[in-house]
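These numbers come from a predicted model, not from an experiment. Letters A, B, ... are given to chains in the order of the sequence lines, protein chains preceding strands, and every chain is numbered from 1.
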2 protein chains.
Amino acid sequence: MPKDPVTRNDVAEYAGVSTAVVSYVVNEGPRKVAPETRARVLDAIRTLGYRPNATARALRMGTTRTFGLITPDGGNPLFAGLAKAIDREAAARGYVVLQTSADGDPVTERAKIAELLTRQVSGLLLVAPTADPSLDDVEVPVIAINRVLPTVSSVRPAYREGARIGVEHLISHGHRTIGLVIGGAGHPERELGWRDALAAAGLAPGPVAHATFSRAGGRAAGRELLASSDRPTAIFASSDLQAVGVLSALHEAGVRVPDDVAVVAFDGTPETEYSWPPLTVVRQPLERMAEAAVGRLIDGAQAVEAFTFPTELILRRSCGC
Amino acid sequence: MPKDPVTRNDVAEYAGVSTAVVSYVVNEGPRKVAPETRARVLDAIRTLGYRPNATARALRMGTTRTFGLITPDGGNPLFAGLAKAIDREAAARGYVVLQTSADGDPVTERAKIAELLTRQVSGLLLVAPTADPSLDDVEVPVIAINRVLPTVSSVRPAYREGARIGVEHLISHGHRTIGLVIGGAGHPERELGWRDALAAAGLAPGPVAHATFSRAGGRAAGRELLASSDRPTAIFASSDLQAVGVLSALHEAGVRVPDDVAVVAFDGTPETEYSWPPLTVVRQPLERMAEAAVGRLIDGAQAVEAFTFPTELILRRSCGC
DNA sequence: TTGAAAGCGGTACCAG
DNA sequence: CTGGTACCGCTTTCAA
């Protein structure tokens, strides 16, 4: 027998008060309620098992205190980590996150955005959006993460500087030919950082392999770099996933890491600590990014700004340390 | 200028019809509308940029077509994979999933459940719930995944059989001392499967290491097994995460895999394909489990049933194949 | 074929 | 300090 839900009316009746009083008690305001009445209401709530209906509340209040979060792929550890950090931060501030995945498809992405807006989310967090989804007629605050969009504010790690620091570390180990594994078009910053470091050290750019941001892409890129005429003694991978793929390509070719080829990756998700060898990484400060993104959504500032956050170099074995 | 939302009233007014007609057009029912009127309404919707308010709709209809999904940890690839499969399946059936993490804490878990119920979810999916959260006064269907609870239906892989098959494979490679890495109390099935296989082959149980379901736990367990007086030549890990930790312990001790020690893991998340060596795994059929769980929620069957799904053995290098 | 209106559950103002 | 009530946006019955 699916007991039909208890409403505020039931509570009011049971406690012998008006619905307004129930509301005052539940929300602790905006009017004061006599202690004794209050106790009666609380008691009624308890014994009836009343649970306020957030849907009705949202309709009345015009806000759901819910954020929509769209990632390209929930299975990617980086995005999973980001989602976790965002969920935590939002929860701490009394918000709930509606999380969904766009499967890396712009059409799905737009559909999900529409779906979320329909559900009256109070704000939208777009992680690495595939393209610029037309956000003009959106009446809630939007923030892009790990990608800057023309019309909305964004939060991202210091890609260029982080990459530079990672490559500089490889240079400090004495490497002179440093390859790069990078995504397709639209992600120039990490490549620029790699060039910055090389140029500053008077080194020529090593071979570059383009690949999707995936383990499979990294594996293919690793093989490509190994077969290169200008075979590198070190590789900077622009994502953890790619680095893991590079590692597998290296192992399968019988190349020793870091002795024959050293590796440094960008991202710093937990799995890099347990790869073999453990990966030296440039870590994205996910927690601070999440905090900033959620904060921005809540205060709802007007101007379009791009926030960047310093990365952290974590030394492990793959670089030769 | 945050343009305030366009409502159905605006559309009605603009199109010169009543709000009822707008509703008929938007929902394609329950009444027919004259083609010409319909066109006018559609036009109004388009030019005004009207987006139906799902909150109001939910209040009126009494259903949100939203499921709540609670995982112990969104960062765990297994749960991430499960969430992804559930999201996909739910989306295909016109539902949206409110996904959140309980951080492995029973108190948080209960709070999240309450929060979700407050938001009028149409059903609850509990992944590996920490304990039995009191689900008596819950008026929506609930399903547990990867853990069976006394009061609700559940969906899970054939743990025992899957583990048996994995261990049998190790036995077929000639191993006679096979260790086990398993979680704490409350997860007996995989251990039973390991025993089943051993007993059937007339082998004595190898050493058992208890560990949390994490990479760190697996690493500690791996070291423990290596130091065991009855050092195994093969290890069955009851989760991918633990297997990855075992691998790192093995590498760090200079043990060759699979030559010195072979490894097979339960779960089959994507990262196991790129570990070194790639892991032979007993894969959970996440897609079918998600389909069953979502389906069950939607048809809302009454009886408490426990559904199990056959696993799949995926042969890679870590077993010696 | 269309319009008017009731009501979903809750909030908060206005009276008392 | 508390009760009555209008309204949030939408669906759907009833009447026209």
Whole Å only: how far is the [atom1] atom of [X] from the [atom2] atom of [N]?
{"X": "Arg31(A)", "N": "dG3(D)", "atom1": "CZ", "atom2": "C1'", "value": "13 Å"}
{"X": "Arg119(B)", "N": "dG9(C)", "atom1": "CZ", "atom2": "C1'", "value": "16 Å"}
{"X": "Asn53(A)", "N": "dG9(D)", "atom1": "CG", "atom2": "P", "value": "17 Å"}
{"X": "Arg40(A)", "N": "dC1(D)", "atom1": "CZ", "atom2": "P", "value": "14 Å"}
{"X": "Lys32(B)", "N": "dT12(D)", "atom1": "NZ", "atom2": "C1'", "value": "17 Å"}
{"X": "Asn9(B)", "N": "dT11(D)", "atom1": "CG", "atom2": "C1'", "value": "13 Å"}
{"X": "Arg57(B)", "N": "dC8(D)", "atom1": "CZ", "atom2": "C1'", "value": "17 Å"}
{"X": "Glu13(B)", "N": "dG3(C)", "atom1": "CD", "atom2": "C1'", "value": "15 Å"}

Quiz item: Tyr24(A) side-chain donor-acceptor pair to dC13(C) base, under 3.5 Å: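 Pair found.
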
Donor-acceptor pair under 3.5 Å, Arg8(A) side chain vs dG10(C) base: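 Looking at the base of dG10(C), it does pair with a donor or acceptor on the side chain of Arg8(A) (distance under 3.5 Å).
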
Exercise: identify the closest heavy-atom pair between Thr7(B) and Tyr50(B):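 Minimum heavy-atom separation between Thr7(B) and Tyr50(B): C-CE1, 3.6 Å.
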
Would you check if the side chain of [X] reaches a backbone N or O of [Y] as a donor-acceptor pair within less than 3.5 Å?
{"X": "Arg147(B)", "Y": "Thr130(B)", "result": "yes"}
{"X": "Asp87(B)", "Y": "Ser101(A)", "result": "yes"}
{"X": "Arg156(A)", "Y": "Ala144(A)", "result": "no"}

Asn27(B) side chain near dT11(D) phosphate (N/O to OP1/OP2, under 4.0 Å):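 Answer yes for this pair, as a side-chain N or O of Asn27(B) is under 4.0 Å from OP1 or OP2.
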
First encountered from the 5' end of DNA chain D, between Ala20(A) and Arg51(B):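 Looking at the nearest nucleotide for each, Ala20(A) comes out on the 5' side.
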
Sugar-phosphate only, base, or nothing, as touched by Val33(B) at under 4.0 Å among non-hydrogen atoms: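 Sugar-phosphate, no base atom in range.
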
Sugar-phosphate only, base, or nothing, as touched by Val22(B) at under 4.0 Å among non-hydrogen atoms: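 Nothing, no nucleic acid heavy atom in range.
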
Closest-nucleotide ordering on DNA chain C, the 5'-leading residue of Val21(B) and Ala56(B):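 Its nearest nucleotide lies further toward 5', so the answer is Val21(B).
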
Proximity to the side chain of [X] - top-ranked nucleotide from [options]:
{"X": "Ala34(B)", "options": "dG9(D), dT2(C), dG10(C)", "answer": "dT2(C)"}
{"X": "Met61(B)", "options": "dT12(D), dA12(C), dG10(C)", "answer": "dT12(D)"}
{"X": "Thr37(B)", "options": "dG10(C), dT12(D), dT2(C)", "answer": "dT2(C)"}
{"X": "Arg60(B)", "options": "dT11(C), dG3(D), dC10(D)", "answer": "dC10(D)"}
{"X": "Ser23(B)", "options": "dT12(D), dG10(C), dG3(D)", "answer": "dT12(D)"}
{"X": "Thr19(B)", "options": "dG9(C), dT11(D), dG3(D)", "answer": "dT11(D)"}

Electrostatic pair Lys84(B)-Asp103(A), nearest N-O below 4.0 angstrom: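 Answer for the salt bridge query: no.
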
Mutual orientation of the aromatic rings belonging to Phe213(A) and His187(A) [parallel < 30°, tilted 30-60°, perpendicular > 60°]: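 Rings of Phe213(A) and His187(A): perpendicular, over 60°.
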
